[in-house]
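Reviewing the structure listed below.
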Amino acid sequence: MYQVSVEKDFDAAHYLRNYNGKCENMHGHRFRVVVHLVADKLNDIGLVYDFTELKKHLGDILAKYDHSCLNDVSPFDKLNPSSENIAETIFSQLRPLLPGEVTLLKTEVWESPQSCAVFIP
């Protein structure tokens, strides 16, 4: 099995509804998103998937969140914008953009160098 990963950052503010702590106040992060693909075999030119294409897909998804208050952007206008929910949302938006011969294994969302949430279906 082969695995490839790419990462991209975006800057955004958010607040956690019903948190009952300081994170209930609006605050910002430079979110780092890492996505991991796996495949049992390489394509005809020896790749799991083109890094350039994967970065483009991820960048297109993250563009709508960059420099925003996540609580104002769908689906986080209704869904609490926790790192866990962000990871699952990015996963669900990225998966349909990928060909069937690769598997989106997991999505990581880092809100600080020490804190990360991972979504694995």
Side-chain angles (χ1 to χ4, degrees):
M1 180 172 297
Y2 300 91
Q3 179 175 332
V4 297
S5 304
V6 299
E7 67 178 68
K8 289 191 86 55
D9 296 328
F10 72 98
D11 297 302
H14 73 155
Y15 53 91
L16 299 179
R17 298 174 193 97
N18 303 311
Y19 180 77
N20 298 319
K22 67 180 184 175
C23 292
E24 196 166 34
N25 299 318
M26 187 181 303
H27 61 283
H29 297 284
R30 169 159 287 164
F31 290 96
R32 181 168 58 105
V33 178
V34 185
V35 297
H36 301 266
L37 302 183
V38 294
D40 290 327
K41 61 182 184 173
L42 302 178
N43 67 14
D44 58 345
I45 63 168
L47 304 176
V48 169
Y49 191 71
D50 187 329
F51 285 130
T52 302
E53 285 295 309
L54 184 53
K55 288 177 189 175
K56 180 187 178 324
H57 291 319
L58 183 57
D60 290 346
I61 291 167
L62 299 183
K64 65 184 154 220
Y65 306 129
D66 191 39
H67 286 79
S68 73
C69 175
L70 294 175
N71 299 71
D72 297 335
V73 180
S74 180
F76 305 113
D77 54 341
K78 296 184 177 40
L79 182 66
N80 219 7
S82 65
S83 291
E84 294 86 345
N85 283 334
I86 296 168
E88 183 177 6
T89 298
I90 292 168
F91 186 100
S92 68
Q93 292 173 350
L94 181 58
R95 179 63 205 117
L97 303 176
L98 301 171
E101 55 273 5
V102 299
T103 299
L104 180 53
L105 179 65
K106 63 183 176 179
T107 305
E108 302 175 19
V109 173
W110 292 80
E111 61 176 51
S112 77
Q114 301 85 22
S115 303
C116 161
V118 179
F119 176 74
I120 303 169

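Heavy-atom basis, side chains included; hydrogens, waters and symmetry copies ignored.
In this pair, H57 and Y49 present their aromatic rings parallel. The plane angle is below 30°, not in the 30 to 60° band.
The distance from atom CZ of F91 to atom CD1 of I120, rounded to the nearest 0.5 Å, is 9.5 Å.
Applying the 6.0 Å contact sphere to NZ of K56 captures no more than 12 heavy atoms from other residues, nucleotides or ligands.
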Output, in order, the C-alpha distance, side-chain angles, deciding distance and verdict of side chain to side chain contact (heavy atoms under 4.5 Å, CB included) for V38 and Q3.
CA-CA 4 Å; V38 294; Q3 179 175 332; 3.9 Å; yes
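Linking Ile, Leu, Val, Met, Phe, Trp and Tyr residues whenever their side-chain heavy atoms come within less than 4.5 Å leaves L58 and L47 in two separate clusters. Cluster annotation: V102 and L104 are assigned to the same hydrophobic cluster (Ile/Leu/Val/Met/Phe/Trp/Tyr, side-chain heavy-atom contacts under 4.5 Å, transitive). L16 and I86 fall into different hydrophobic clusters, defined by Ile, Leu, Val, Met, Phe, Trp and Tyr side-chain heavy atoms under 4.5 Å apart, directly or through other members. V109 and L105 are members of different hydrophobic clusters when ILVMFWY side chains are connected at heavy-atom separations under 4.5 Å.
Contact check on R30 versus D11 returns a salt bridge, with a Lys/Arg side-chain nitrogen under 4.0 Å from an Asp/Glu carboxylate oxygen.
Legend: side chain to side chain donor-acceptor pair (under 3.5 Å) pairs involving residues 86-108, not counting sequence neighbours, sorted by first then second residue: H36-E108, Y65-Q93, E108-W110.
In this structure, the side chain of E24 engages the main chain of N18 through a donor-acceptor pair within 3.5 Å. Side chain of N71 to backbone of Y15: a donor-acceptor contact under 3.5 angstrom is found. In terms of modelled atom types and a separation under 3.5 Å, the side chain of N80 and the main chain of S82 share no donor-acceptor contact.
Between D9 and L62, the closest side-chain pair of non-hydrogen atoms is not below 4.5 Å. The shortest distance between side-chain heavy atoms of F10 and I61 does not fall below 4.5 Å. Between V118 and V34, every side-chain heavy-atom pair lies at or beyond the 4.5 Å cut-off. Using a 4.5 Å heavy-atom cutoff, the side chains of L97 and E53 are not in contact.
When the ring-ring contact (aromatic ring centres under 6.0 Å, His included) test is applied to H29, the partners found at least two apart in sequence or on another chain are H14, H27, F31. Applying the side-chain contact (heavy atoms from CB on, under 4.5 Å) test to V4 and every residue at least two apart in sequence or in another chain returns L37, V48, F51.
Considering every non-hydrogen atom in both A87 and A117, the closest pair reads CB-O, 4.2 Å.
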